[in-house]
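Notes follow the structure.
As the structure is a prediction and not an experimental result, all values here were calculated from the model.
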Amino acid sequence: MTPRCTSPDELASALPEGDPARLASARSRVAERAIDYPFGSGQAEEIALFGGWKPLYRQLLDPGDLPRARARCTAHGLSAVEEAPHAHGHAGRTALFVGRDPDLLRAAADCERSDDAVGLGSLLGYPACCVAAFAATPVGIRVNPVLHARALAATAGPPAPRLNVIDLAVFHYLPWLPCSFACAPSLAFADRVAARIAEHHGASAGEAPADRPPIACTAGCEHQRFVDRIDAALAAHRLLLFEEVQLSLTGRFDGRRVHIERAWPTARDRHPRALLAPAAREAVARLLVAVESASTVTVDGEALLLDDRPLLHAPHALLLPFGAPRRSCFSDGNPSE
């Protein structure tokens, strides 16, 4: 019987340890963080706000983080309004709306209070197509893996790497989940964020307060290298079993399978402070050992297949073929070396 795993803990238990040396190496790689982050992983919408093309943004924060977030807003001449979220899956956290127009912030908080997903998405400046796709998903199944699967099903052609939002602890150019991984308004926003970081450097996310001049950088600075490394990380194929259990892959996608050239824990490309829970760490390590022993990987419904043989079932398993990275003159674009 092929095991069906409904949690990282079940997955870790279902997969064999295998060779001790290979498992020890995999565990070490899961713990590594390969990319230097000048920004937070979810800072794209702040970059857009400082760039002037996004009216406000929303953060979900633990109560202890609210004073620091409010102080940051004040330092940059911004206003903030908070509202306890009513949406599912945000236990104990508060929605903080940040921007320059207090009336807009209060309107957004009202939408949060009344669970008005369409009104809130519009105020946040999200594309109407993406707002409609989110709102059309029944609340009971409105979880990220389901929304990713729906976006993949709606994608015509290869998914665009800059729309890869599969692990939100990896820097992502979108502050929303796209309606498809070829959504033109979403890609335009993502490209604009990337250009803002590379061209405006530290000033792109308000690293310098408003009363100080922009940060001056030379060509090939850390901000340009960061865009390069993130582009490469997001351009890897992605195997998703659970939100904290993901692998990144390179190799040819034949329309069903990835012919594996290289695999690494997606966690390696996360923000350095974004750590996995112990069960997820072990699940990723054991999954990595299994995948690196195979030539091909695919997902068929809930089934994860290695070399066309079922290994296990997981309710939200996905294989997302993001394809080849954009090349850059700033680095070799390798996200994990």
Side-chain angles (χ1 to χ4, degrees), residues 31 33 35-113 120-121 123-126 144 165 167-177 189 193 196-197 200-215 217 221-223 226-227 230 243-244 267 269-277 280:
R33 295 295 179 267
I35 299 177
D36 293 328
Y37 272 68
F39 309 117
S41 61
Q43 211 161 337
E45 56 187 342
E46 184 178 286
I47 290 169
L49 177 68
F50 279 100
W53 73 89
K54 195 172 189 301
L56 67 148
Y57 64 84
R58 170 183 180 262
Q59 293 179 299
L60 286 173
L61 300 171
D62 293 324
D65 295 328
L66 284 169
R68 182 174 58 184
R70 282 186 165 278
R72 176 174 171 79
C73 293
T74 300
H76 292 285
L78 301 173
S79 299
V81 171
E82 63 187 65
E83 175 61 39
H86 290 235
H88 295 263
H90 304 312
R93 290 186 289 173
T94 295
L96 186 71
F97 296 94
V98 178
R100 294 187 172 87
D101 186 338
D103 290 337
L104 279 181
L105 302 181
R106 285 189 287 270
D110 288 342
C111 289
E112 183 78 57
R113 191 177 307 115
L120 181 56
L123 287 170
L124 288 168
Y126 297 171
N144 288 351
V165 292
D167 185 344
L168 296 178
V170 176
F171 183 88
H172 42 286
Y173 291 109
L174 296 185
W176 61 84
L177 301 185
F189 181 96
V193 170
R196 175 83 181 174
I197 296 172
H200 294 265
H201 313 290
S204 61
E207 289 184 8
D211 59 350
R212 296 182 189 173
I215 296 172
C217 292
C221 72
E222 65 168 334
H223 303 96
F226 177 70
V227 169
I230 289 298
E243 289 198 78
E244 283 201 314
D269 300 323
R270 280 183 156 205
H271 191 283
R273 292 197 300 273
L275 305 180
L276 298 181

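Considering only heavy atoms from C-beta on, Ser41 stays 4.5 Å or farther from Arg273 through its side chain. With contacts defined as side-chain heavy-atom distances shorter than 4.5 Å, the pair Val193/Arg196 does not qualify. Under the 4.5 Å side-chain criterion, counting only non-hydrogen atoms from C-beta, Leu66 is in contact with Thr94. Looking at Leu60 and Leu96, their side chains never come closer than 4.5 Å, going by heavy atoms from C-beta outward. Within the 4.5 Å cutoff, no side-chain heavy atoms of Asp36 are placed close to those of Phe226. Side-chain contact check for Phe189 versus Tyr173: every heavy-atom pair is 4.5 Å or farther apart.
Partners of Glu244 by side chain to side chain donor-acceptor pair (under 3.5 Å), not counting sequence neighbours: none found. Here Gln59 pairs with nothing under the side chain to side chain donor-acceptor pair (under 3.5 Å) rule; sequence neighbours left out. Residues passing the side chain to side chain contact (heavy atoms under 4.5 Å, CB included) test with Ala108 are Leu56, Phe97, Leu120, Leu123, sequence neighbours excluded. Legend: residues meeting salt bridge (charged side-chain N to carboxylate O under 4.0 Å, His left out) with Asp62, ordered by chain and number and at least two apart, are absent. Under the side chain to side chain contact (heavy atoms under 4.5 Å, CB included) criterion, Pro63 pairs with no residue at all, not counting sequence neighbours. Residues that satisfy the salt bridge (charged side-chain N to carboxylate O under 4.0 Å, His left out) test with Arg68, not counting sequence neighbours, are Asp65. Applying the side chain to side chain donor-acceptor pair (under 3.5 Å) criterion to Tyr57, with sequence neighbours excluded, gives Glu46. Scanning for ring-ring contact (aromatic ring centres under 6.0 Å, His included) contacts around Tyr126 gives Trp176, with sequence neighbours left out. For Leu275, the side chain to side chain contact (heavy atoms under 4.5 Å, CB included) partners are Arg33, not counting sequence neighbours. The salt bridge (charged side-chain N to carboxylate O under 4.0 Å, His left out) test applied to Arg106 returns Asp103, not counting sequence neighbours. Under the rule for a salt bridge (charged side-chain N to carboxylate O under 4.0 Å, His left out), Glu243 has no partner lying at least two apart in sequence or in another chain.
Between Phe39 and His271, the ring centre distance reaches or exceeds 6.0 Å.
Glu82 contributes atom CD, which lies 9.0 Å from atom CG of Leu61 (distance to the nearest 0.5 angstrom). Between atom CD of residue Glu112 and atom CD of residue Glu83 there is a gap of 7.0 Å, rounded to the nearest 0.5 Å. Here the CG atom belonging to Asp167 is positioned 4.0 Å from the CZ atom belonging to Arg270, to the nearest 0.5 angstrom. In this structure, the separation between CG on Leu105 and CG on Asp110 is 11.0 Å, given to the nearest 0.5 Å.
Among all heavy-atom pairs drawn from Tyr37 and Asp269, the shortest one is OH-O, 2.6 Å. Of all the heavy atoms in Ala109 and Val81, the pair that sits closest is CB-CG1, 3.9 Å. Of all the heavy atoms in Pro85 and Ala95, the pair that sits closest is CD-N, 3.6 Å. Pairing each heavy atom of Pro67 with each of Gly64, the nearest pair is CD-O, 3.6 Å.
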Checking side-chain contact (heavy atoms from CB on, under 4.5 Å) for the pair Lys54/Ile47: CA distance, chi angles, key distance, verdict? CA-CA 9 Å; Lys54 195 172 189 301; Ile47 290 169; over 6 Å; no

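With salt bridges taken as basic N to acidic carboxylate O contacts below 4.0 Å, none links Arg58 and Glu45.
When atom types are taken as modelled, the side chain of Gln43 and the backbone of Gly40 share a donor-acceptor pair closer than 3.5 angstrom. Counting only distance, with no hydrogens or angles, the side chain of His172 and the backbone of Val170 share a donor-acceptor pair below 3.5 Å.
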